Number of protein chains: 2
Amino acid sequence: MKYSKQKDEILKLMRSGRLDHPSAAEVFVAMKEILPDIGIATVYRNLNALSDMGFLKRLSFAGEADRYDFNLADHHHAICLGCGRVFDFDMKLDNSVEKKLAEKSGFSVVSVKYSVSGYCKKCACCK
Amino acid sequence: MKYSKQKDEILKLMRSGRLDHPSAAEVFVAMKEILPDIGIATVYRNLNALSDMGFLKRLSFAGEADRYDFNLADHHHAICLGCGRVFDFDMKLDNSVEKKLAEKSGFSVVSVKYSVSGYCKKCACCK
DNA sequence: TTGAAAAATGAGAATGATTATCTTAATTGT
DNA sequence: ACAATTAAGATAATCATTCTCATTTTTCAA
């Protein structure tokens, strides 16, 4: 057990893939079944710590609670405006942008975010 | 005066370019000089209404207050992790992505967001 | 012009996500 | 085993934003 029981179990849960791009609140309810005494602050703390350590990615979408993703592979997200589900998608981004930015304005890029919002198949049909 | 005095003045202020990608709070303080009795709720209400009407764009960045942009031209944003300033940049996105998404998963794209975070010239040097 | 209906305002309460604080419990190294 | 460190759990605090509601402003038909 490298870290605390709580941090370990949270990471294990995240890596299990049982939850689909969960928010901290969703992780909290799932963790309650594993460690019934866990507190919400511990969940936030550890999700953020694990993200800082590079084991998770923290995702933000406008007007919604942040999500956490165990998938570290380079990919992007599409969020459904109907049901709120997040879908992964792959696409190679033209990274000449960073270079141009650096050249033109001296801006040094730390991270790039590409995301899409719309309606998933299920939500699009009945809209 | 097409709309209410407040909405008109907010739009005029935004279009003046005096404020740089301001948050609602920043618009509020600037508006106080124009209409001293204006309330913060009115500012939020009208910024959002104007965005819904397509006269402004509402921008979201992780962990920060939303910003509003009068520039409707197709462009993207780079946010400085140091000073919080938002910089515009242009880039043509490969819109074949939407098509692929639609084909593969039946996801219908409403909007695409591409944004970059990092350090601006000023903040990069003293980091 | 009047006056009722509709729309928008301003003040402040409410909400929701997230972080901060603080006391206690667990872990570590000696 | 014990002092020092680290993390936990509970809860208060924060911050942006939205909601509510009483009041004011606007609209528009009679």
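In the text below, chain A, chain B and the rest are named by the order of the sequence lines, each starting its count at 1. Quantities reported herein were computed from a predicted structural model and do not represent experimental measurements.
- Contact between Cys80(B) and Phe87(B) at its shortest, heavy atoms only, is CB-CE1, 4.2 Å.
- Spacing between atom CG of Asp52(B) and atom P of dT18(D) amounts to 10 Å, rounded to whole angstrom units.
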task = Report the C-alpha separation of Asp88(A) and His21(A) in whole Å, then their side-chain angles, then the decisive distance to 0.1 Å, and conclude whether the side chain to side chain donor-acceptor pair (under 3.5 Å) test is met.
result = CA-CA 10 Å; Asp88(A) 291 332; His21(A) 302 93; 2.9 Å; yes
message = As a quick check of understanding, evaluate side chain to side chain donor-acceptor pair (under 3.5 Å) for Asp90(A) and His75(A), giving each step before the final call.
response = CA-CA 5 Å; Asp90(A) 293 304; His75(A) 67 290; 5.5 Å; no
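- Going from atom CG of Asn46(B) over to atom P of dT25(D) covers 16 Å, rounded to whole Å.
- Checking the phosphate oxygens (OP1, OP2) of dT9(C), a side-chain nitrogen or oxygen of Ser4(B) falls inside 4.0 Å.
- Using cut-offs of 30° and 60° for the angle between ring planes, the Tyr114(A) and Phe89(A) rings count as perpendicular.
- Between Phe28(B) atom CZ and dA16(D) atom C1' the separation is 14 Å, expressed in whole Å.
- Spacing between atom CD of Glu26(B) and atom P of dT17(D) amounts to 11 Å, rounded to whole angstrom units.
- A cation-pi arrangement is found for Lys113(B) relative to Phe61(B), the charged atom lying closer than 6.0 Å to the ring centre and inside a 45° cone about the ring normal.
- Leu13(B) has its side chain within reach of Leu19(B): a pair of non-hydrogen atoms, C-beta onward, lies under 4.5 Å apart.
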All N/O pairs under 3.5 Å across the protein-nucleotides 3-5 of chain D interface:
none

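- Separating the CD1 atom of Ile10(B) from the C1' atom of dT9(C) is a distance of 11 Å, rounded to the nearest angstrom.
- Note: Phe55(B) and Tyr3(B) have tilted aromatic rings, judged against thresholds of 30 and 60 degrees for the angle between ring planes.
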Intermediate values then yes/no, salt bridge (charged side-chain N to carboxylate O under 4.0 Å, His left out), Lys57(A) and Asp69(A) = CA-CA 5 Å; Lys57(A) 280 196 294 189; Asp69(A) 192 351; 5.4 Å; no
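- Separating the CG atom of Asp8(A) from the P atom of dT27(C) is a distance of 11 Å, rounded to the nearest angstrom.
- Side-chain contact between Leu47(B) and Arg58(B) is absent, with no heavy atoms from C-beta onward closer than 4.5 Å.
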request  = Sugar-phosphate atoms are those with a prime plus P, OP1 and OP2; base atoms are the rest. Using that split, label each nucleotide of nucleotides 10-19 of chain C B, S or - for protein heavy atoms under 4.0 Å, 5' to 3'.
outcome  = BBB----SBB
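- Distance NZ (Lys7(B)) to P (dA8(C)): 6 Å, rounded to an integer number of Å.
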